[in-house]
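Below is one structure, written out as structure tokens, with a few remarks after it.
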Protein chains: 2
Amino acid sequence: MTEGPTKKPSRIQMRNRRVILDAALEVFSRHGYRGATLDLIATEAGISKPNILYYFDGKEDIHVTLLSQLMETWLDPLVELDPNGDPVEEILAYVQRKLDMARDLPRESRLFAGEILQGAPRITPELHTSLRPLFDEKCALISRWVNEGVLPPLDPQHLIFSIWATTQHYADFQAQVHILLAPNSDAYDAAANHLRVLFRSMLTRS
Amino acid sequence: MTEGPTKKPSRIQMRNRRVILDAALEVFSRHGYRGATLDLIATEAGISKPNILYYFDGKEDIHVTLLSQLMETWLDPLVELDPNGDPVEEILAYVQRKLDMARDLPRESRLFAGEILQGAPRITPELHTSLRPLFDEKCALISRWVNEGVLPPLDPQHLIFSIWATTQHYADFQAQVHILLAPNSDAYDAAANHLRVLFRSMLTRS
DNA sequence: GCGAATTTTTACCATTTGGTAAATCTACGA
DNA sequence: TCGTAGATTTACCAAATGGTAAAAATTCGC
């Protein structure tokens, strides 16, 4: 472990690590950290448990690896918020991107939600180093837009919270949403329309 | 279990069941269902593990009891949505009540969120019998308001989702919120202001 | 094809955890 | 105060679970 340059991974290592992480994402997001077992992950991956421990140092290593890899994808929509674009359209496009992610990557959303829900015991450092600076930067950008008068007065921090909350809700609370919505309706289309109206109303009020 | 009328619980039973449930709420909300152990709950409650199993049939029994008791409290703010009140003020008051609950009962919020996040394996029946009818009823009420022209066109289902999502976010994602917000600021006051503006904008747009 | 390195399996193990049986202690009404 | 129903503790247990050692199998550069 105190070795210098890590050997570049073989094709087998690349493939198996990917297979294991995909299985682990499925299992962790469905059962939570403690509810997930190495046996479940092993079965899901089609790889024996000791073999999984050949590729990862342990259960926690798999979990942390997943969360770290996820973080980049997760923050990407916010990174793309363009200082040079039209403020209202930029923010609405951000809402749409976040909603698309909730639709396309619900397991990732639930994995992240589960970690935060339990106090972010394994990802707090990353939140400080990755999320916090980006959050501050984009809050400053939105504040600038407000000060320039191109946006009405609003709280950038809580605006972003509202966007996160409303979009991720469809992935994180999917079980509830499915019970409450008519099964044939396309929840995401309706949600997209609703959220566009909701946030546009706030961003364009006179 | 096939007995007829259950004996009325003694004072000791009342007290100990309350103590156990309170400890279990703390432990379940912090660690999730699988992460919570009877030993943790026992320590937190100051009651030995076998003694806990004298009052409850098992771990799942405690969890289900907690969720069932919580459901009533949880739905209460929505029950109070008054068909005879002013639509905009009624909905904004509902938002405030939900936000107050997230502030005052964060453990309950996280317990519920954890259950839904994992597919509501132990509370799905209650969601159908308790939540669904109330949800449908209040959606119909809001639809009526829209049809009467006292509210602008909007999707009642997704409006309620947005209210749930934005308010519960402050309890469920508390760990993240604490990392991102300046520690001295009063998050709930700012959130209340923000959410009032957000939803009022949508409800009063011309 | 061959030897070394990598990968996989087999056979385990210690700990944790939900739960139980039975003995013991305590409260409480007669 | 005494007997009994109710409450609590002690001493367990079986299954699940994260993890390991070492043998066996496979892959790969030459």
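Sequence lines set the chain letters: A, B, ... in the order given, protein chains first and strands last, and positions in each chain run from 1.
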Check whether any side-chain N or O of [X] sits under 4.0 Å from OP1 or OP2 of [N], and answer yes or no.
| X | N | value |
| --- | --- | --- |
| B/Ser48 | D/dT8 | no |
| B/Asn51 | D/dT10 | no |
| A/Tyr54 | C/dT8 | no |

Does NZ or CZ of A/Arg17 come closer than 6.0 Å to the centre of the six-membered ring of A/Phe56, within 45° of the ring's axis?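 Cation-pi check for A/Arg17 and A/Phe56: passes.
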Lys NZ or Arg CZ of A/Lys59 over A/Tyr33 ring: under 6.0 Å, within 45°: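 Output yes; distance and angle both within limits.
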Please determine whether a side-chain nitrogen of the Lys or Arg among [X] and [Y] lies less than 4.0 Å from a carboxylate oxygen of the Asp or Glu.
| X | Y | result |
| --- | --- | --- |
| A/Glu26 | A/Arg110 | no |
| A/Arg107 | A/Asp22 | yes |
| A/Glu89 | A/Arg200 | yes |
| B/Asp100 | B/Arg97 | no |

May I ask you to say what A/Tyr55 touches in the nucleic acid, namely base, sugar-phosphate or nothing, with a heavy-atom cut-off under 4.0 Å?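 Touches sugar-phosphate only.
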Heteroatom pairs (N/O) under 3.5 angstrom, protein to nucleotides 28-30 of chain D:
none

CA sep, side-chain torsions, deciding dist, call: A/Gln96, A/Arg196, side chain to side chain contact (heavy atoms under 4.5 Å, CB included): CA-CA 8 Å; A/Gln96 184 64 49; A/Arg196 209 163 41 236; 4.0 Å; yes
Distance check needed: [N] [atom2] versus [X] [atom1], whole Å only.
| X | N | atom1 | atom2 | result |
| --- | --- | --- | --- | --- |
| B/Gln13 | C/dC28 | CD | P | 12 Å |
| A/Asn16 | C/dT6 | CG | C1' | 12 Å |
| A/Phe28 | D/dT17 | CZ | P | 13 Å |

Per-nucleotide protein contact string for nucleotides 12-23 of chain C (B base, S sugar-phosphate only, - none; heavy atom under 4.0 Å): -----SBBB---
Before we go on, tell me: are the rings of A/Phe135 and A/Phe161 under 6.0 Å apart, centre to centre?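 When the ring centroids of A/Phe135 and A/Phe161 are compared, they turn out to be within the sub-6.0 Å range.
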